[in-house]
Amino acid sequence: MSRAGGYFVWATQPVYKHEDKLQEQWKEMEDLTGRICWELIAKGYITTWHKPLNNTCYFTHNQNTQPPICEEKDEHDNVWYVPLKACITKLPENGCGGNVTEWPARLHHPLEGSLKV
């Protein structure tokens, strides 16, 4: 749901209580973020992952890795009134995934090709 190169921040404070259920949730989160190619960049009471800028990691996965890459026929811009699918949308090959303006200037500059008029 965040764009290429985006960040996901999670308040992980309960993990440090060393309760079995919370430890299990943390292991599941580590497993999921590894499968969707998010890089763990900070772990503490607040944990931060970085989303990749390209498809390289996705294509190194075994074909049976879940979630899979979305099918070519799936329209990634079709977001209203369609059921959610458990798949990873490929990033554009035209460089839009890596063409991110530096913060805070990107607040005023959408990614090229991200808006259809």
Side-chain angles (χ1 to χ4, degrees):
M1 294 216 266
S2 66
R3 66 180 171 190
Y7 294 89
F8 177 78
V9 179
W10 185 33
T12 52
Q13 179 173 309
V15 171
Y16 294 99
K17 291 183 179 179
H18 301 290
E19 295 176 14
D20 290 342
K21 185 173 182 169
L22 296 174
Q23 292 295 321
E24 184 179 322
Q25 289 172 355
W26 172 251
K27 291 292 182 197
E28 289 176 8
M29 189 66 163
E30 281 185 312
D31 179 55
L32 173 64
T33 56
R35 287 185 282 121
I36 61 176
C37 300
W38 289 4
E39 176 190 4
L40 178 64
I41 59 171
K43 180 181 175 186
Y45 288 113
I46 302 293
T47 300
T48 307
W49 286 270
H50 186 232
K51 188 174 177 178
L53 289 168
N54 59 51
N55 297 305
T56 304
C57 177
Y58 304 142
F59 295 127
T60 63
H61 288 338
N62 180 312
Q63 282 187 330
N64 296 325
T65 299
Q66 295 295 322
I69 300 291
C70 296
E71 298 176 28
E72 292 291 330
K73 67 179 182 177
D74 292 329
E75 177 56 53
H76 66 274
D77 287 329
N78 188 10
V79 295
W80 293 101
Y81 307 107
V82 294
L84 291 175
K85 292 180 79 175
C87 61
I88 298 171
T89 302
K90 287 191 325 185
L91 298 169
E93 296 295 332
N94 64 2
C96 286
N99 187 17
V100 179
T101 305
E102 291 296 318
W103 183 265
R106 73 174 170 218
L107 288 172
H108 308 287
H109 298 84
L111 292 175
E112 291 179 29
S114 65
L115 298 176
K116 293 183 178 178
V117 181

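His50 contributes no side-chain N or O that, together with a main-chain N or O of Trp38, makes up a donor-acceptor pair within less than 3.5 Å.
Nearest heavy atoms, Cys37 versus His61: SG-NE2, 3.4 Å. The nearest pair of heavy atoms linking Asn62 to Asn64 is OD1-N, 2.8 Å. When all heavy atoms of Tyr58 and Ile69 are compared, the closest pair comes out as CB-CD1, 3.4 Å. Counting all heavy atoms, side chain and backbone alike, Ile41 lies closest to Tyr7 at CD1-CE2, 3.4 Å.
Put simply, the side chain of Leu91 does not reach to within 4.5 Å of the side chain of Leu53, judged on heavy atoms. Thr33 is not listed as a side-chain neighbour of Phe8, based on a closest heavy-atom distance of 4.5 Å or more. A heavy-atom distance below 4.5 Å is not found between the side chains of Lys27 and Glu24. Looking at Ile36 and Ile88, their side chains come closer than 4.5 Å, going by heavy atoms from C-beta outward.
In this structure, Glu19 does not pair ionically with Lys21, as no charged nitrogen and carboxylate oxygen lie closer than 4.0 Å. A salt bridge is defined here as a Lys NZ or Arg NE, NH1 or NH2 lying under 4.0 Å from an Asp or Glu carboxylate O, and Asp31 with Arg35 meets this definition.
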